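The structure is given below, and queries will be raised subsequently.
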Amino acid sequence: MITLRFIYFENLIEFDERYINIVQILDKELFKKSVYIINKYAKNIEEGNDVVLLNNDNRLEISKNILVVNDFYNIDINSNKILKSLYNDIEIQYNYEYGEDNLLINLQNIFENIGEVLSTYDFELEYKRELKVSEILKATGLKFNEYHYDNPFDNIICLFDLISNFKLYKIIVLVNLKLFFNDEEIIEIYKSALQRDIKLLVIEYGEENHLLEYENKLYIDNEFDEFVFKK
């Protein structure tokens, strides 16, 4: 089982394939501190013991396994990690369909032409005479069309699809999700995550409110008392 331990919380956060984990924090300073530290660890700015991610008894590196999203209008679907996975996947499919030598054969004339042009210079020059499909894709700037995903709901579902397809992260942390979406949309987001076997942690600021379908909630009040609510 995957668990997340915050130094600020008494309760462990345990990820279950049937539920979405919610942490609702009433104290503003505790909320800010919690979001700040997990965001810092996820971006590999710092790694310590304030937040610990475990898979059974094995500690996992947070920067490689947790993605924090707090701006649903500007989700980076063209991050280096996502594009690298896309390029590698396309390369595998290309080599399977056409063979690894196919690319070199088709690039041979280009390299010969480059060689002829370089021979006109009175300098000793060298260059790479072999390329991978992933390197060509990177050079051509292949990426997802960000204008196609122009609203927060589509952005999140697209992100789920990418992470599920390329197995990029074990956990996605969504900050103040309920400020952006109504209950119906939130339940659809939960269902989409569960269908793709994506583990979500939703961190919210404010008073405890009604429990939605699929939610498993840890509520922390102004006295730092903790309450667990389950459907």
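All values below were derived from every heavy atom in this structure, side-chain atoms included, with hydrogens, water molecules and symmetry-related copies excluded. Nothing here was measured: the structure is a model prediction, and the numbers come from that model.
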**Asked** Is there a chain of hydrophobic side chains (I, L, V, M, F, W, Y, each step under 4.5 Å between heavy atoms) that links L200 to V173?
**Response** no
**Prompt:** Between E14 and I2, is there a donor-acceptor pair closer than 3.5 Å when you use the side chain of the first and the backbone of the second?
**Reply:** no
**Item:** Short side-chain to backbone donor-acceptor contact, N165 and D161, under 3.5 Å
**Value:** no
**Asked** Which pairs pass salt bridge (charged side-chain N to carboxylate O under 4.0 Å, His left out) with one or both residues in residues 77-102, sequence neighbours excluded?
**Response** none
Sequence neighbours left out, cut at 3.5 Å: what donor-acceptor pairs do the side chains of residues 113-121 make with other protein atoms?
from	atom 1	to	atom 2	distance (Å)
N113	ND2	N109	O	3.3
S119	OG	E116	O	2.5
T120	OG1	V117	O	2.5

**Request:** Kindly state whether the ring of F180 and the ring of F72 have centres lying under 6.0 angstrom apart.
**Result:** yes
**Prompt:** Have N65 and K199 got a donor and an acceptor in their side chains that come within less than 3.5 Å?
**Reply:** no
**Request:** Would you please say whether a donor-acceptor pair under 3.5 Å links the side chains of N49 and R59?
**Result:** yes
**Message:** For K170, run the side chain to side chain contact (heavy atoms under 4.5 Å, CB included) check against L60, L67, I66, I198 and tell me which one passes.
**Reply:** L60
**Message:** Could you tell me if Y219 and D225 have a donor-acceptor pair between their side chains, going purely by distance under 3.5 Å?
**Reply:** no
**Message:** Using the ring centroid of each side chain, check whether F31 and Y205 are separated by less than 6.0 Å.
**Reply:** yes
**Message:** Determine whether K138 and E135 satisfy the following criterion, salt bridge (charged side-chain N to carboxylate O under 4.0 Å, His left out), listing intermediate values before the conclusion.
**Reply:** CA-CA 5 Å; K138 183 177 180 179; E135 294 171 326; over 6 Å; no
**Message:** Is it the case that the side chain of N21 and the backbone of L201 share a donor-acceptor pair, with hydrogens and angles ignored and the cut-off at 3.5 Å?
**Reply:** no
**Item:** SB check K178 E215 (cutoff 4.0 Å)
**Value:** yes
**Message:** Could you check whether N55 and N58, counting side-chain N and O atoms only, form a donor-acceptor pair closer than 3.5 Å?
**Reply:** no
**Main-chain N/O of G48 paired to Y41 side chain as donor or acceptor, under 3.5 Å** = yes
**Prompt:** Any sub-3.5 Å donor-acceptor pair from Y94's side-chain atoms to N102's backbone N or O?
**Reply:** no
